[in-house]
Amino acid sequence: MDILGRKLFIQIIFVPFILSWLLITFAKSVSMIYAEIMIQGISGGMSFCVATYIAEICIPHHRGALLSVIEIMYSLGILLSNILMYYFKWNLVAAFFVAISVFGLLMTVLLPESPVWLYSKGKHDKSIAVLRDLRCKELHELDPEIRQMEISCSQTFKTCSKETFRNCLKAWKPFVILSTMFIILLSTGYPIMLAFTVTIVDRLNIPYESSTIAVLFAVSIFTGSLTTPYFMHTFGRKMVLAISGLGMAVSMVIVALYEELAQDNSWSCIVPLALFVYIFACIIGVLPVGFVMGGELFPLEVRGVMNGLYGAAGYVYSSAMMKAYPRFSSLLGIKSILWMFAGFSLLAALFGIFILPETKGKSLNEVQEKYFKKNKKSDVESA
């Protein structure tokens, strides 16, 4: 991403997406489906760069709301998949997503390159031209933003491996903050709840069809994602994470208490309601904050590299959780798993209140100046 540019890297993401959907469309064996999953996983991991791109092209006041659009599209994909799978065969659904991926690749031609990345590569005139098109302003009105880019990019022209490694070491603090946050957010259980919805509902003491709950989950996910830009724009990152974590914790406590205390199904309706609140609360805060902050906290000179490492750490942990869940569930029981999710959800809320930096309304350069001054000073002294 740092070498090729944000736009070209986004275009590259669509290639494995298209290839993977083609494989599953014409799959004749299980091995082809395994290959599809591996190839599509590459695109999924690379897609973290989208948050970086959005963070760099929009003004600080709009950044939270626009980054939340990632979550809307993610949720729309889940909802669309559930609806299509209800009516069509899986290979026809895969063919539909081939068309969607090709359309997405064609639409990237219209994307402008990140002006911040262009400026960091010494392409100042082109960067300012792109910025004028994005802001629809005259040159003199862009002076503050150009000055911010100049300050931010002043130390970014050395791109050798040794210099990149040194800069990555200087960015240890945001990496530790974000990686810790991401592990806590994943431990709230939402990846498992989304992947094992049918299995979990089947193990709960409620008289409802698990497939019906799964479809309603998808509706809840999409509905919640539509409100995410409002929450991110209005309350900021810290408050949104706190609200989201508390909502998830309370919901999981209700479900766990029902499993502990219920003697019959007279109050069973409260369980799907609590699960929907859990998913809704997750979508408005826990899920988008994990993507948003990666594009905001890392310094420009290593934003691509560190964002990739941050995403990789999260995906490795998520994968380990997925593999471990069936065994832990059989050993500990579903009630213990629910209590664990509630505890980590509360921890996520506390992390948002006391540790997470607030980036709402601040330029990317201001974020670095406010929260990581020591690193900035050492950069200047070494220069």
Side-chain angles (χ1 to χ4, degrees), residues 1-6 9-10 12-13 41-57 63-64 66-71 74 114 116-117 120 152 156 159 161 163-188 190-191 232 237-238 240-241 244-245 282 285-322 344 347-348 351-352 355-360 362 364-365 367-368 370-372 374-376:
M1 187 182 358
D2 286 337
I3 295 171
L4 300 177
R6 313 321 193 202
F9 197 78
I10 290 172
I12 291 172
I13 291 174
I42 294 172
S43 286
M46 293 166 67
S47 63
F48 255 76
C49 81
V50 176
T52 298
Y53 175 77
I54 294 175
E56 289 182 352
I57 67 169
R63 193 169 61 238
L66 290 176
L67 282 167
S68 301
V69 174
I70 299 174
E71 209 51 53
Y74 173 80
S114 163
V116 178
W117 181 83
S120 72
S152 181
T156 63
T159 57
S161 299
E163 187 67 24
T164 299
F165 179 73
R166 192 174 300 162
N167 288 330
C168 286
L169 291 179
K170 293 175 183 177
W172 67 269
K173 188 175 180 181
F175 181 77
V176 170
I177 291 173
L178 288 175
S179 298
T180 303
M181 179 193 72
F182 209 7
I183 289 173
I184 292 173
L185 299 188
L186 290 169
S187 299
T188 61
Y190 75 83
M232 294 293 286
R237 319 303 185 249
K238 293 172 69 70
V240 163
L241 185 56
S244 176
C282 171
V286 164
L287 198 52
V289 165
F291 288 96
V292 167
M293 298 303 292
E296 294 183 325
L297 284 192
F298 291 122
L300 174 62
E301 55 265 33
V302 289
R303 189 171 294 151
V305 175
M306 297 303 288
N307 218 0
L309 291 173
Y310 160 64
Y315 280 128
V316 168
Y317 181 74
S318 178
S319 177
M321 282 182 60
M322 294 290 188
F344 275 105
L347 185 60
F351 189 94
I355 299 177
L356 186 69
E358 181 56 76
T359 58
K360 178 179 179 292
K362 298 181 178 67
L364 300 180
N365 195 51
V367 171
Q368 292 300 309
K370 181 171 182 178
Y371 296 108
F372 310 111
K374 187 177 292 185
N375 287 348
K376 282 286 183 182

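The model shown is predicted, which means the values in this text are computed figures rather than measured ones.
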With heavy-atom distances below 4.5 Å as the criterion, would you say the side chains of [X] and [Y] are in contact?
X	Y	result
Met322	Pro191	yes
Met293	Leu356	yes
Cys282	Thr188	no
Cys49	Ile10	yes
Phe344	Leu185	no

From [X] [atom1] over to [Y] [atom2], what is the distance, rounded to the nearest 0.5 angstrom?
X	Y	atom1	atom2	result
Ser68	Ile54	OG	CD1	9.5 Å
Leu297	Leu364	CG	CG	9.5 Å
Ile13	Met1	CD1	CE	8.0 Å
Ser318	Met321	OG	CE	6.5 Å
Ile70	Tyr53	CD1	OH	12.0 Å
Ile184	Ser179	CD1	OG	11.0 Å

Sidechain-backbone polar pair: [X] side chain, [Y] backbone, donor-acceptor under 3.5 Å:
X	Y	value
Ser187	Ile183	yes
Ser47	Gly44	yes
Lys238	Gly352	yes
Arg63	Glu56	no

Where is the tightest heavy-atom contact between [X] and [Y], given as atom of each residue plus distance?
X	Y	value
Arg237	Val289	O-CG2, 4.3 Å
Leu287	Tyr190	CD1-CE1, 3.0 Å
Val240	Gly285	CG1-CA, 3.4 Å
Lys360	Glu358	N-OE2, 2.9 Å
Phe351	Ile177	CZ-O, 3.5 Å

Using a strict cut-off of less than 4.0 Å between a Lys/Arg side-chain nitrogen and an Asp/Glu carboxylate oxygen, indicate whether Lys362 and Glu296 qualify as a salt bridge. no
**Asked** Any chance the side chains of Thr52 and Arg303 put a donor and an acceptor closer than 3.5 Å?
**Response** no
### Other residues, nucleotides, ligands: >12 heavy atoms within 6.0 Å of Ile355 CD1
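More than 12 within 6.0 Å, yes.
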Q: Would you please test Tyr310 and Phe182 for ring pair (Phe, Tyr, Trp, His ring centres under 6.0 Å) and show each step?
A: CA-CA 8 Å; Tyr310 160 64; Phe182 209 7; 5.1 Å; yes
Quiz prompt | Test side-chain hydrogen bond (donor to acceptor under 3.5 Å, both in side chains) applied to Ser43 - qualifying residues, sequence neighbours left out | solution =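 Scan of Ser43 (side-chain hydrogen bond (donor to acceptor under 3.5 Å, both in side chains), adjacent residues dropped) gives none.
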Quick one: do Phe298 and Leu178 satisfy side chain to side chain contact (heavy atoms under 4.5 Å, CB included)? Show the steps, please.
CA-CA 9 Å; Phe298 291 122; Leu178 288 175; 3.4 Å; yes
The side-chain contact (heavy atoms from CB on, under 4.5 Å) partners of Asp2 (sequence neighbours excluded) come to Arg6, Val305
Phe175 meets the ring-ring contact (aromatic ring centres under 6.0 Å, His included) criterion, sequence neighbours left out, with none
